[in-house]
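Side chains included, hydrogens not; waters and symmetry mates left out as well; all remaining heavy atoms used. Being a predicted model, the structure only gives us computed values, none of them experimental. A note on names: the letters A, B, ... follow the listed sequences, proteins ahead of strands, and every chain is numbered from 1.
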Amino acid sequence: MRTSKFYLFPVKEDPNDASLVSHKLMLRSCMIRQSAAGIYTWLPLGLIVLKKIEAIIRKLHYEYDIQELLMPTIQSADLWKKSERYSDYGKEMLRIVDRNKNELLYGPTNEELITDVVSKDLQSYKDFPKILYHIQWKFRDEVRPRFGVMRCREFLMKDAYSFDIDFENAYLSYCKMFLLYLKIFKKLGVKALPFEADTGPIGGSLSHEFILEASSGESEIFYDNSIHDLNIDNVDFNNSSEIKDMVLNYSKYYSRTSEKHEEKVFQNSTNEKNIIRSRGIEVGHIFYFGKKYSEKLNSTFLNDKGKTNYIFSGSYGIGISRLVAAIIESSNDDKGIVWPIEVAPFQIGLVNVRKGDNLSTEFSENFYKSNHGKYNIIYEDRDIRLGQKLNIMDLIGIPIQIIIGEKNIVNNYIEIKDRKSGKVSLVSKDKIEVFLKKEYEL
RNA sequence: CGGGGCGUAGCGCAGCCUGGUAGCGCAUCUGCUUUGGGAGCAGAGGGUCGAGUGUUCGAAUCACUCCGCCCCGACCA
């Protein structure tokens with residue numbers, strides 16, 4: 001993408017309405033625009049990031065046979081009355097009445113709906129297990145929306161739902177999702193840890209929150225620092241006992257949110273030098289709730305003895321729109337956003353220092369034309385001052401900045417700047433690909 | 001839902017107390033000069049001062065009502 005064509009209107013000054021760094025940077029970098037309290041428009045730059053996160057999540061779900069579907073944003077109140085959550089969910093739920101005076105609602109979550117959908121198809125024990133997910137906009141009428149897309153009313157969530165024949169299998173699904181979530185966050189370049197958590201209005205008996213450590217986070221967390229040493233890279237997802245053992249390994253280390261925190265247990269189970277008390281942003285939440293919804297909605301199947309049983313379920317959410325803000329919150333500096341390369345809107349920022357210099361412009365044009373299919377490039381091709389070009393690249397957090405200027409190009413060199421470290425490398429123009437491969441595995 | 005603050009040009013703000021028909025910086029447009037980290041000079045365009053009602057000869061300014069947004073707390077993905 002050329003900046004001369006891209007919808008990008010960065011601003012220098014901090015917006016008045018924002019207090020959180022991520023919120024300020026998202027507004028300044030032209031990623032989002034507010035439309036009402038807790039409701040935002042995603043502008044091209046922001047949407048690219050959102051889509052990148054979606055793509056990574058989709059890919060990993062697909063690898064583990066978890067299939068995507070798409071449920072509506074608007075749901076009928078009937079199912080919610082059956083599950084008795086129509087009244088329980090309270091004012092958080094946005095209620096709508098249609099022209100025929102039918103009660104509808106803008107979905108805050110989808111347990112009822114998906115349970116209803118699958119119960120018509122999953123009739124035999126042979127049809128299990130199944131895990132389905134969708135990526136859909138949700139609406140929760142927050143008491144106090146704040147911090148930009150961090151706590152907004154309309155937000156994008158990936159929510160998955162597992163269906164099993166008994167507790168044993170349902171627990172295995174839970175464990176699979178537990179590890180999958182760790183995998184996803186790692187792939188996103190984000191350090192999120194699992195914490196024992198409250199189940200809230202979703203209900204159930206087993207629950208973990210995945211939290212990204214950040215001082216501005218709303219969750220208070222307590223954990224054993226050794227949990228960082230655990231590594232899931234070599235777990236075989238086709239081996240049930242390996243999966244369960246790995247989750248068990250995690251549960252050996254103390255890691256709880258404030259709702260579940262017990263100071264004495266913490267101190268007795270954790271080596272003093274490993275005690276971490278901190279804050280963080282909840283980016284994922286998984287629940288096991290068994291028959292809670294299948295009983296209310298009468299979702300049953302026949303087991304191998306021909307007997308009718310209720311389906312066992314769990315649900316698994318990742319706040320995609322919140323993740324965007326959370327990543328920025330944990331990765332920024334005084335110049336702006338520092339994207340992990342995995343989710344950066346563009347991997348490479350190609351900066352032509354001076355449009356008037358023929359050699360630089362010719363090389364920049366050629367490099368862009370022959371490489372924008374291979375790499376994700378934003379090409380600064382405008383005739384503006386260098387300071388602006390570089391500051392914008394830094395603000396919007398482009399990880400690799402290739403700078404083409406007359407001083408170096410006459411000697412067949414270009415500069416490659418690393419956004420995170422600020423390190424600038426002088427690279428021969430024929431060795432760019434080698435350099436990118438070696439340094440960034442591109 | 002309790003407490004506080006704010007609403008004036010695309011953005012950030014001043015003006016309000018003490019009423020007299022709106023100003024600054026950034027951004028935008030034009031011209032010239034500049035050109036390796038958000039340039040300089042000269043000029044230009046852009047505002048029913050959140051909405052309504054009232055007081056007044058006269059309201060951005062005073063009073064009342066409403067709306068919107070932000071922050072702190074309680075609550076929550």
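- Among residues two or more places apart in sequence or in another chain, the salt bridge (charged side-chain N to carboxylate O under 4.0 Å, His left out) test is passed with A:Lys138 by A:Asp159.
- Rounded to a whole angstrom, the distance from the C1' atom of B:A51 to that of B:A59 is 15 Å.
- The gap from the C1' atom of B:G19 to that of B:G58 amounts to 8 Å, rounded to the nearest Å.
- Every residue two or more places apart in sequence or in another chain was checked for a salt bridge (charged side-chain N to carboxylate O under 4.0 Å, His left out) with A:Glu84, and none qualifies.
- Residue-level contact check: A:Gly317 touches neither bases nor backbone, having no heavy atom under 4.0 Å from any strand.
- Checked against side-chain contact (heavy atoms from CB on, under 4.5 Å), A:Lys438 has no partners two or more places apart in sequence or in another chain.
- By the salt bridge (charged side-chain N to carboxylate O under 4.0 Å, His left out) test, A:Glu68 pairs with A:Arg58, sequence neighbours left out.
- For A:Phe155, the listed nucleotide lying nearest its side chain is B:A77; candidates were B:G73, B:A77, B:G36.
- Under the rule for a side-chain contact (heavy atoms from CB on, under 4.5 Å), the partners of A:Ser421 that lie at least two apart in sequence or sit in another chain are A:Asp418, A:Lys423.
- For residues 324-342 of chain A, the set of pairs meeting the salt bridge (charged side-chain N to carboxylate O under 4.0 Å, His left out) definition, not counting sequence neighbours, comprises A:Asp333-A:Arg419.
- For the P atoms, the distance from B:G68 to B:G50 is 16 Å, rounded to whole Å.
- Between B:G46 and B:C24, the distance separating the two C1' atoms is 15 Å to the nearest Å.
- Residues in residues 344-362 of chain A take part in these salt bridge (charged side-chain N to carboxylate O under 4.0 Å, His left out) pairs, two or more places apart or across chains: A:Arg354-A:Glu406.
- Checked by atom type, the side-chain pair A:Tyr293/A:Arg85 shows a donor-acceptor distance below 3.5 Å.
- The gap from the P atom of B:A9 to that of B:U61 amounts to 15 Å, rounded to the nearest Å.
- For A:Lys431, the side-chain contact (heavy atoms from CB on, under 4.5 Å) test picks out A:Val427, A:Ser428, with sequence neighbours left out.
- Distance noted for atom P between B:U35 and B:C69: 49 Å (whole Å).
- Remark: nothing in residues 41-58 of chain A comes within less than 4.0 Å of RNA chain B through any heavy atom.
- Distance noted for atom C1' between B:A77 and B:G25: 41 Å (whole Å).
- If you take atom C1' in B:G43 and the same atom in B:U21, they sit 26 Å apart, rounded to whole Å.
- Side-chain atoms of A:Tyr181 and A:His285 include no donor-acceptor pair closer than 3.5 Å.
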Contact list (N/O, under 3.5 angstrom) for nucleotides 27-35 of chain B vs protein:
from	atom 1	to	atom 2	distance (Å)
B:U34	O2	A:Arg385	NH1	3.0

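- Picking from B:C71, B:C70, B:G37 the nucleotide with the shortest atom distance to the side chain of A:Ala37 gives B:C70.
- Residue A:Phe147 places its side chain closer to B:C72 than to any other of B:C72, B:G38, B:A77.
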Checklist line | Where protein sits on nucleotides 2-10 of chain B, one letter per nucleotide: B base, S sugar-phosphate only, - none, heavy atoms under 4.0 Å | finding: ---------
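- Applying the side-chain contact (heavy atoms from CB on, under 4.5 Å) criterion to A:Ile275, with sequence neighbours excluded, gives A:Phe266, A:Gln267, A:Thr270, A:Arg277.
- Here A:Tyr316 lies out of heavy-atom contact (under 4.0 Å) with every strand.
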